[in-house]
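The chains referred to below are lettered A, B, ... by the order of the sequence lines, with proteins before strands, and numbering in each begins at 1.
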Number of protein chains: 2
Amino acid sequence: MFSKACEYGIKASIFIALNSYHGKRVSLKAIAKEVASPEAFTAKILQDLVRHDIINSVKGAHGGFEIEKNDISSIKLEHIVRAIDGDKIYSGCGLGLQTCDENHPCPVHDKFVDIRNGLKQMLETTNLEELALDIKSGISFLKT
Amino acid sequence: MFSKACEYGIKASIFIALNSYHGKRVSLKAIAKEVASPEAFTAKILQDLVRHDIINSVKGAHGGFEIEKNDISSIKLEHIVRAIDGDKIYSGCGLGLQTCDENHPCPVHDKFVDIRNGLKQMLETTNLEELALDIKSGISFLKT
DNA sequence: TGTATTTCGGATAGTTTTATCCTATTTATA
DNA sequence: TATAAATAGGATAAAACTATCCGAAATACA
Ligand code: FES
Ligand code: FES
């Protein structure tokens, strides 16, 4: 469903949010360990999220990644997925036609659009805060 | 969502079904043209579907691919997807945890499972006959 | 000022997916 | 039987995705 990069990006963002909530900045090393992702690859993904203004980075000693406290609840999964995987999830035809078009639909268009809209809806309404809180309370997990 | 191989496989199967409906066997060349897929790659995918007993092939002059007329309505998209992409769509965790487990859920488990079940349901209940009939009646299209 | 820490960014390597090529095998028909 | 038409299958190539490496730049602190 999502690319590896996107999976890592979402999990990393949740972990950063969780810590930013307490005013703690986290390092790449800590993130990669906590979400069980390859360090160097995760670095690339985080750079991408920084460029898209989803997370902030601070270079140098005591540097790391953080999220504006006020932004945590307004950052939706959609923003992260769009930054990393682009909008192919949203716009593409399920069977690879050049464009997904009501007026020139592929055989599964109607059924596919239903499912895609569900996914879209989910990504647009799920924010980092709720996900981070579930981790904090031990309801959900980032690895294993 | 689906791999290219799977997209080609589904479209090819629909085209074969459409023709088998009229007792017509179709060649690889005709299939690739009709679904706008690379010929040699499509050949591999069709071989896969033949090995999985989803379609039949006949070698030699006047050979080609066909589907048992009585099977057209009982072949579900699920069978094709499983044959080509395996069951990763069904079993895997949306965020890449080793196993998708109620008792050790990732942060998006509940929401993800909902969507995955919708997809599963769709694939399990959609059969080749209905898709082929929509093509026949000009309601849907296999390419462009 | 010097050093350790840490992100940034370019280059490179490995793996999987997608795609192509060529030969062997099978079959209908002249 | 000879030939042409098709699928089968192995080998290979190209592209995309995943992952690693290393030096540059920035920053805190001694
Ligand atoms: S045209 Fe294929 S999903 Fe819309
Ligand atoms: S544990 Fe991640 S989707 Fe179920």
Side-chain angles (χ1 to χ4, degrees), chain A residues 1-13 15-16 19-20 24-33 35-67 81 83-86 88-89 92 95-96, chain B residues 1-13 15-16 19-20 24-33 35-67 81 83-86 88-89 92 95-96:
Chain A
M1 188 83 85
F2 302 124
S3 66
K4 277 286 163 198
C6 207
E7 289 176 8
Y8 298 151
I10 291 173
K11 290 191 286 185
S13 297
F15 180 66
I16 296 168
N19 281 275
S20 294
K24 264 191 232 163
R25 191 182 287 158
V26 284
S27 71
L28 166 64
K29 195 178 264 184
I31 295 168
K33 188 180 170 190
V35 311
S37 61
E39 205 173 304
F41 189 38
T42 305
K44 299 297 185 200
I45 299 161
L46 292 177
Q47 280 172 39
D48 213 8
L49 294 177
V50 168
R51 272 185 232 110
H52 280 85
D53 286 319
I54 293 169
I55 63 179
N56 296 120
S57 69
V58 178
K59 282 170 139 185
H62 301 122
F65 300 88
E66 62 194 5
I67 299 178
V81 173
I84 299 174
D85 280 355
K88 55 189 168 186
I89 286 189
L95 293 188
Chain B
M1 187 81 87
F2 302 124
S3 66
K4 276 286 164 198
C6 208
E7 289 177 8
Y8 298 151
I10 292 172
K11 289 192 287 186
S13 297
F15 180 67
I16 297 169
N19 282 276
S20 294
K24 265 192 234 163
R25 192 181 287 160
V26 283
S27 71
L28 166 63
K29 195 178 263 186
I31 295 168
K33 189 180 172 193
V35 310
S37 61
E39 203 173 305
F41 189 40
T42 305
K44 300 297 187 198
I45 298 160
L46 293 177
Q47 279 173 39
D48 214 9
L49 294 177
V50 169
R51 272 186 232 107
H52 280 87
D53 286 320
I54 293 169
I55 64 179
N56 296 120
S57 71
V58 177
K59 282 171 138 185
H62 301 121
F65 299 88
E66 62 194 4
I67 299 178
V81 173
I84 299 174
D85 280 356
K88 56 191 168 189
I89 287 190
L95 293 187

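In this structure, A:F2 CZ and A:I10 CD1 are separated by 5.0 Å, a value rounded to the nearest 0.5 Å.
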Donor-acceptor pairs under 3.5 angstrom involving side-chain atoms of residues 46-61 of chain B: please list them, not counting sequence neighbours.
from	atom 1	to	atom 2	distance (Å)
B:Q47	OE1	B:R51	NH2	3.4
B:D48	OD1	B:R51	NH1	3.4
B:H52	ND1	B:D48	O	2.9

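Nucleotides of DNA chain D with any atom under 4.0 Å from a heavy atom of chain B span, from 5' to 3', D:dA5 to D:dA11.
Taking the side chain to side chain donor-acceptor pair (under 3.5 Å) definition, one finds that B:K44 meets it with nothing, sequence neighbours left out. For B:Y8, the ring-ring contact (aromatic ring centres under 6.0 Å, His included) partners are B:F41, not counting sequence neighbours. Remark: A:S13 pairs with no residue by the side chain to side chain donor-acceptor pair (under 3.5 Å) rule, at least two apart or across chains. Residues meeting the salt bridge (Lys or Arg N to Asp or Glu O under 4.0 Å) test with B:K88, sequence neighbours left out: none. Residues that satisfy the side-chain contact (heavy atoms from CB on, under 4.5 Å) test with A:K29, not counting sequence neighbours, are A:S27, A:E39. Partners of B:S20 by side chain to side chain donor-acceptor pair (under 3.5 Å), not counting sequence neighbours: none found.
The separation between B:K29 atom NZ and C:dT20 atom C1' is 15 Å, rounded to whole Å. A straight line from CD of B:Q47 to C1' of C:dT23 spans 13 Å, rounded to a whole angstrom. One can place NE2 of A:H52 at 14 Å from P of C:dC8, the figure rounded to the nearest angstrom. Computed from coordinates, the A:I55 CD1 to C:dC8 C1' distance equals 13 Å when rounded to whole Å. Going from atom CG of A:L49 over to atom P of C:dC8 covers 11 Å, rounded to whole Å.
Here the closest non-hydrogen pair linking B:H62 and B:R25 is O-NH1, 3.0 Å. Nearest heavy atoms, B:I16 versus B:E66: CG2-CA, 3.6 Å. The two residues A:I84 and A:G9 come nearest to each other via the heavy atoms CD1-CA, 3.9 Å. Minimum heavy-atom separation, B:K11 to B:V35: NZ-O, 3.5 Å.
Among the atoms of the strands shown, only primed sugar atoms or phosphate atoms (P, OP1, OP2) are found under 4.0 Å from some heavy atom of A:R51.
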Could you go over nucleotides 2-5 of chain C and give all protein N or O partners under 3.5 Å, atom names and distances?
from	atom 1	to	atom 2	distance (Å)
C:dT5	O2	A:A61	N	3.0

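Interface residues of residues 37-45 of chain A facing DNA chain D, ordered by number: A:P38, A:A40, A:F41, A:K44; criterion, heavy-atom separation under 4.0 Å. Within residues 2-11 of chain A, no residue is approached by DNA chain C to less than 4.0 Å at the level of any non-hydrogen atom.
Tested against A:C6 for a side-chain contact (heavy atoms from CB on, under 4.5 Å), the candidates A:D85, A:I89, A:I45 yield a single pass: A:D85.
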